[in-house]
2 protein chains.
Amino acid sequence: MSSTRERLVEAMATSLARKGFAGVGVSEVLEQAQTPKGVLYHHFTDGKTGLAIAAIRLSIERITGSLARKRASCEDPIEALELWLEGMRQRLEASSFEYGCPLAATALEVHAEQTELRAALTEGFNALQAEVARTIEAAGIPAARARELAAFFVSAYEGGLMQARVASDSTFLRGICATLLGLLRAEQRLQKPLPQRKNQTKRSVHNA
Amino acid sequence: MSSTRERLVEAMATSLARKGFAGVGVSEVLEQAQTPKGVLYHHFTDGKTGLAIAAIRLSIERITGSLARKRASCEDPIEALELWLEGMRQRLEASSFEYGCPLAATALEVHAEQTELRAALTEGFNALQAEVARTIEAAGIPAARARELAAFFVSAYEGGLMQARVASDSTFLRGICATLLGLLRAEQRLQKPLPQRKNQTKRSVHNA
DNA sequence: CCCAACCTAGACCGATCGGTCTAGAGGAAA
DNA sequence: TTTCCTCTAGACCGATCGGTCTAGGTTGGG
């Protein structure tokens, strides 16, 4: 059985992905979790904010875990990435283009005074980037470059999710996805062009 | 000087860029615009929503106008893009990482029932992409490809803005920007490998 | 001049916001 | 059994939400 606490966090997590922190009402979350108000303020002294932070952590845990699992079960790390992106796109589609990134909406609403919430979000995005970077590295790309690419990767996909959401159309997002994976493959080829060949000049697509 | 209506739209536009639709209160906007409530509901029968739509349109008009102007005054279209991105980054920095994309926050909060608001957002993003595509095309890339690249471009920058905002750090965003411009330059080189050749095929402006 | 039309001004409204508080159910330890 | 503590339950709170409505300028056309 799921505890009331778990149900609350779960409900908040989906609500955050759908409308962000400012957009959700506490009563709404309570209703979805089938829980009276007392439970919330018993488990989370910080109320709505505390619950949101827990929800953000849960979402990130799940999403990074999902990528890690796919990476473990796939021969090719880049294919794992592809499957992972596809999974998120399908969730968006299955929810009639309501369920986007669990963090993004909140990230754009939060203001300077909400330090804890903001910290949880930063931490979340860092964890996300780190997991993607790990995957890219597993594809044979040096760590430093993998981090750069991961940052770019996450940004582009976040933007794509957002635009697909408003437009209620994900063909767009598929394009983004394909472009990103293409970039990674190209980078991969640069890194291990032909193992027998020495003295490869490395040309980077990107320029810092 | 500025009419009350203009002040209202202005105030709403900045508020949307800072906290999104759900995050702003009407009274807050009224105060910032130094305007009593009656004015809002006189000019906008749809109230908050109507004002937000007007604000979205204004923001998009400004932002696309800014790019168009830079394109007109710059020799190199890609340099125009660079200046444009820089401008947005600077605005984010100057506002202590509060002022992000004027549409993004709202785009992630809006739900299916808010059809008009959603339509304004979609229209806005389309206009934005179109203006970027026009610039990329001016850099010598065929229209169809320019549109693809523009979509990618906008997505990546939106995502970058968001992450820079939460992290209160824009070094990250500079990286995204550099990568994007690098990609464009690479694409440009592919398109016109030897510029001194005579009888350059003029690329058609439009493509079904 | 008068009088609409337009705009300003803010009191006021019910609904909902996030949060507090008290009462008690349930179970484990004594 | 009694006691204590965790968790459930929801009535209740002031503040704020978005929105309505009436009254009072202000202005330009007749």
Side-chain angles (χ1 to χ4, degrees), chain A residues 1-16 18-56 58 105-106 109-118 120-121, chain B residues 1-16 18-56 105-106 108-118 120-121:
Chain A
M1 252 312 282
S2 64
S3 72
T4 54
R5 190 184 195 281
E6 282 167 349
R7 269 182 288 141
L8 273 177
V9 177
E10 191 75 45
M12 181 55 111
T14 62
S15 286
L16 287 186
R18 286 171 176 272
K19 8 191 177 176
F21 186 71
V24 215
V26 170
S27 58
E28 195 181 332
V29 175
L30 293 171
E31 193 187 0
Q32 212 213 313
Q34 294 272 62
T35 287
K37 210 166 218 182
V39 176
L40 166 57
Y41 292 91
H42 171 74
H43 289 294
F44 302 92
T45 33
D46 280 356
K48 189 188 179 187
T49 302
L51 177 57
I53 290 174
I56 288 168
L58 175 69
T106 307
E109 299 173 326
V110 87
H111 51 94
E113 291 83 47
Q114 304 168 293
T115 47
E116 291 175 59
L117 191 54
R118 206 163 190 166
L121 289 165
Chain B
M1 255 325 285
S2 68
S3 72
T4 54
R5 189 184 196 279
E6 281 166 351
R7 270 183 285 143
L8 272 177
V9 177
E10 191 75 45
M12 180 55 111
T14 62
S15 287
L16 286 185
R18 286 171 177 269
K19 8 193 177 176
F21 186 71
V24 214
V26 169
S27 57
E28 195 181 332
V29 175
L30 292 171
E31 193 187 0
Q32 212 212 313
Q34 294 272 60
T35 286
K37 212 166 218 181
V39 176
L40 166 57
Y41 292 92
H42 170 75
H43 289 293
F44 301 93
T45 33
D46 280 358
K48 189 188 181 188
T49 302
L51 177 56
I53 291 174
I56 288 167
T106 308
L108 288 172
E109 300 173 324
V110 88
H111 50 94
E113 292 83 46
Q114 303 168 294
T115 48
E116 291 174 60
L117 191 53
R118 206 163 190 164
L121 289 165

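Residue numbering restarts at 1 for every chain, and letters A, B, ... go by the order of the sequence lines.
For A/Val110 against A/Leu117, the heavy-atom pair with the smallest separation is CG2-CD2, 3.7 Å. Taking each heavy atom of B/Ala105 and B/Leu16 in turn, the nearest pair found is CB-O, 4.0 Å. Summarising the geometry of B/Tyr41 relative to B/Gly47, their closest heavy-atom pair is CE2-CA, 3.4 Å, with the distance given to 0.1 Å.
Rounding to the nearest 0.5 Å places CZ of A/Arg5 at 10.5 Å from CG of A/Leu40. Taken from CG in A/Leu8 to NE2 in A/His42, the straight-line distance is 11.5 Å, to the nearest 0.5 Å.
Taking the 5' to 3' direction, DNA chain D first and last meets chain B under 4.0 angstrom from a heavy atom at D/dC17 to D/dT20.
The overall bend of the helix from C/dC1-D/dG30 to C/dA30-D/dT1, read as the angle between its terminal helix axes built from five base pairs each, is 10° when rounded to 10 degrees.
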Table please: side-chain donor-acceptor pairs of residues 18-38 of chain B below 3.5 Å, with sequence neighbours left out.
from    : atom 1 : to      : atom 2 : distance (Å)
B/Lys19 : NZ     : B/Glu28 : OE2    : 2.3
B/Glu28 : OE1    : B/Gly25 : N      : 3.1
B/Thr35 : OG1    : B/Ala33 : O      : 3.0

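For DNA chain D, the neighbouring residues in residues 23-34 of chain B, judged by any heavy atom under 4.0 Å, are B/Val24, B/Gly25, B/Val26, B/Ser27.
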Output a table of nitrogen or oxygen pairs between the protein and nucleotides 6-8 of chain C separated by less than 3.5 Å.
from  : atom 1 : to      : atom 2 : distance (Å)
C/dC7 : OP2    : B/His42 : NE2    : 3.0
C/dT8 : OP1    : B/Thr4  : OG1    : 2.9
C/dT8 : OP2    : B/Thr4  : OG1    : 2.9

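At the heavy-atom level, B/Lys37 lies under 4.0 Å from base atoms of the strands shown.
Contact of the A/Leu58 side chain with the A/Met12 side chain is not registered, since no non-hydrogen atoms from C-beta on lie closer than 4.5 Å.
Listed by chain and number, the residues in a side-chain hydrogen bond (donor to acceptor under 3.5 Å, both in side chains) with A/Glu113 are A/His111 (sequence neighbours excluded). Residues satisfying the side-chain hydrogen bond (donor to acceptor under 3.5 Å, both in side chains) criterion with B/Arg118, sequence neighbours excluded, are A/Glu98.
Applying the salt bridge (charged side-chain N to carboxylate O under 4.0 Å, His left out) test to pairs two or more places apart or on separate chains, none has a residue in residues 38-49 of chain B.
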